[in-house]
Structure formats: C-alpha cells, structure tokens
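Notes follow once the structure below has been shown.
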There are 2 protein chains.
Amino acid sequence: MLSKKTKYGLKALAYLASRKDRQPVQIAEIAREENISQKFLESILLTLRKNGFLGSRKGKGGGYYLIKDPKDIPMTSVMRVLEGPIAMVPCVSLNFYEPCADCPDEASCAVHKLMLQVRDSALEVYRHNTLADIL
Amino acid sequence: MLSKKTKYGLKALAYLASRKDRQPVQIAEIAREENISQKFLESILLTLRKNGFLGSRKGKGGGYYLIKDPKDIPMTSVMRVLEGPIAMVPCVSLNFYEPCADCPDEASCAVHKLMLQVRDSALEVYRHNTLADIL
DNA sequence: TGAAAAGTCTACCAAATCAATAGGATAAAT
DNA sequence: ATTTATCCTATTGATTTGGTAGACTTTTCA
C-alpha cells in the first residue's frame, strides 16, 4: 500500500506544480484544497524541502514553492524520499540493498527472481514519469 | 515492502513445486529447509489451502502438496491471496476498487495517474510469471 | 518597535498491522 | 490406543502509521 505520506506529498507537489508562478503557497491552502490534515502535511513538506524539492519562506506572504521545473523532477526520486525503497524486498534494492538473513543463495531464490522483475517494471514507470507528466 | 507472509508463502510454494512427486510434505520440513518459523508457516499454508493452492493430509505421512501444476499457478492469484491488492491505492485496484474519500476527481488526480501505470506494470509481471517460471 | 503571519522543531499518542507464539482440537495411520 | 501431523483460536510484543499539541523562530508590515 502507498502510504498517506507519499500520497499527500505527491498531491502537494502536483498542486504546487500546477501553479504557473513560483510564488510561495501556504501549507494551509494546500491542506484545504487537497483535503489533507494540515499538521501532517507540515511534516511532509518539511521533508520535501530538506530533500531539495521545495523551498520555503517564513512570515507573511511565506509558504512553500517548487525549486525545480516539474519536468526535471523524476518520480524515482520523489518515491524514494517519501515511500522509501522502490524494491519490495531489500535483496533486490538498488539503493538500499541488504542480503536476506534466511536466504542462502539469491540466484536460486524464487522470491528474488520475481521481485527483481517487479522492481524493474516499477522503476521503468517511475523513471519515465516526471512531476510534469502526472499533472 | 513485501510481507514475510508473502515471502514465506512463495518460498513454500516453490519448495513444494520443486518436488517432482506430489507426495505430502510436512510443515516441519519446509520450515526447516527454508528457515521459516514453523508456527507462522502453519497459518500461511492453511490460507493457501483454503484458497485452493494446496491440498493437505493429516496424520502420519501427511503434509501439504500442490493441487495444480506449477505452470498453471499465476503469480497474480498468489499475490492477491497472500499480499492483498496488487494496486498500491484502492482507487486503481481491479479486484478491490474503492474511491478515495478525499479525491474529488480521479481523472485529474496525479496519484491516480501514476499509480495506474504502476499497477499495470506490476500486473504484467505477475501475469507473465507462473510458479513454474520462478523456480 | 511590536504584533501578526507562517514555517520549524520536538514530543507524544492511538490505532493498526505484522510476525510470531501457545496450546489445545481434530483427524488419520499403525 | 497411541502417535503423527494438520486445524483452529487466542494472545502478545514490536513496529509503523497517521495524526495532534505546543512552543520556537523568522519575516513582514503597520
């Protein structure tokens, strides 16, 4: 299942991207328009900022804004930051690889074989979609 | 993340499939060979039986065995039984569809648009893989 | 200069889910 | 009758998830 965090994060990014100008948008506005708990959204936008997707300004007229062009934001990076590894199992993860403790041989592991394909297919989707593509 | 339940279930199915004969195999043997908690595996094999993948026999010489030929067991059905919906979000699920409470219009939802592609690509992998394929 | 606006940060909490365990009930074989 | 092995229910401990509370900091503007 996709976590609410990722879902809300994606919606917020899409909302910001749909704004032609790159003026700051308040958390409250995004939360209201996208039906998201404001406090929860706060923490999500914070991690998006800390990971280089968003900029922010405090005080009156402040808010969050996109730092990059939507077409330069691949879904791979968004998903990795919000949802974590794209692979469903650490032993097939590119960025978060870990061997399975219980599995003596990856090459002959049925789960490994299947999940490798699933990872590749998911990766292809995320790589071919930027924020601009899903608006 | 893939649940341990699914992981263990897949391993158990693969173990049974790798046995040429379709003689019953005891839970204890599968648990030992695949490094799985026996009690946990019990409940997993039980649901696999209730869902028509396995047959069982009690008493001495009993155990679990595959009911169908491995090449007639598509990963779609295994995943749906063990892991649940293949879609990461209910609003793009074929078998477990549910609208999002917060989303006014699916057609214009960025999450929907992306997750639809992810579902399709995962589905394609699962459909093209039978138990026989991942041995 | 000070009040209001808005993001930042830390801590906490309730509910759900996950992985596993315990222990007895049932059925089959010998 | 005894042993073997699955069947079933209940419980538990740990972790994750989604969300809340509240104080702090920075910026704007009257």
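Values below: all heavy atoms of this structure, side chains included; hydrogens, waters and symmetry mates excluded. Letters A, B, ... are given to chains in the order of the sequence lines, protein chains preceding strands, and every chain is numbered from 1.
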Fill in the blank from the handout: When rounded to whole Å, the CG to P distance for the pair A:L46 and D:dT25 reads 16 Å
Handout entry: Short side-chain donor-acceptor distance under 3.5 Å, A:E98 and A:S93
Key = no
Practice task
Indicate whether OP1 or OP2 belonging to C:dG7 is found under 4.0 Å from a side-chain N or O atom of A:K60.
Solution key: no
Problem - A:F40 side chain, from C-beta outward: closest of C:dA19, C:dT21, D:dG18 - result: D:dG18
Exercise for the section: Send over the distance from A:N35 CG to D:dG18 P, rounded to a whole Å. Expected result: 17 Å
Exercise for the section: Return yes if the base of C:dG23 and the side-chain atoms of B:K39 contain a donor-acceptor N/O pair under 3.5 Å, otherwise no. Expected result: yes
Handout entry: Closest-nucleotide 5' rank along DNA chain D - winner of B:Q26 and B:K50
Key = B:Q26
Handout entry: Short side-chain N/O contact from A:Y8 to OP1 or OP2 of D:dG19, under 4.0 Å
Key = yes
Handout entry: Base of D:dG18 paired with side chain of A:K7 (donor-acceptor, under 3.5 Å)
Key = no
Fill in the blank from the handout: Among the nucleotides C:dG7, C:dT26, D:dC8, whichever has the atom closest to the side chain of B:K58 is C:dT26
Exercise for the section: Could you work out which one of C:dG23, D:dG18, C:dA6 sits closest to the side chain of B:E42? Expected result: C:dG23
Handout entry: B:Q38 CD - C:dA20 C1' separation (whole Å)
Key = 13 Å
Practice task
Tell me whether the OP1 or OP2 atom of C:dT21 has a side-chain N or O from B:S37 closer than 4.0 Å.
Solution key: yes
Exercise for the section: Assess whether side chain to side chain contact (heavy atoms under 4.5 Å, CB included) is satisfied between A:M75 and A:D133, documenting all intermediate values. Expected result: CA-CA 10 Å; A:M75 285 301 108; A:D133 295 318; over 6 Å; no
Exercise for the section: Report yes if a side-chain nitrogen or oxygen of A:K4 is closer than 4.0 Å to either non-bridging phosphate oxygen (OP1 or OP2) of C:dA16; otherwise report no. Expected result: no
Handout entry: Side chain to side chain, A:R80 and A:T76, heavy atoms closer than 4.5 Å
Key = yes
Problem - Candidate nucleotides C:dG7, C:dA27, C:dA20, ranked by approach to the side chain of A:I27 - the nearest - result: C:dG7
Practice task
Please tell me if the side chains of A:K7 and A:I36 come closer than 4.5 Å, counting only heavy atoms from C-beta onward.
Solution key: no
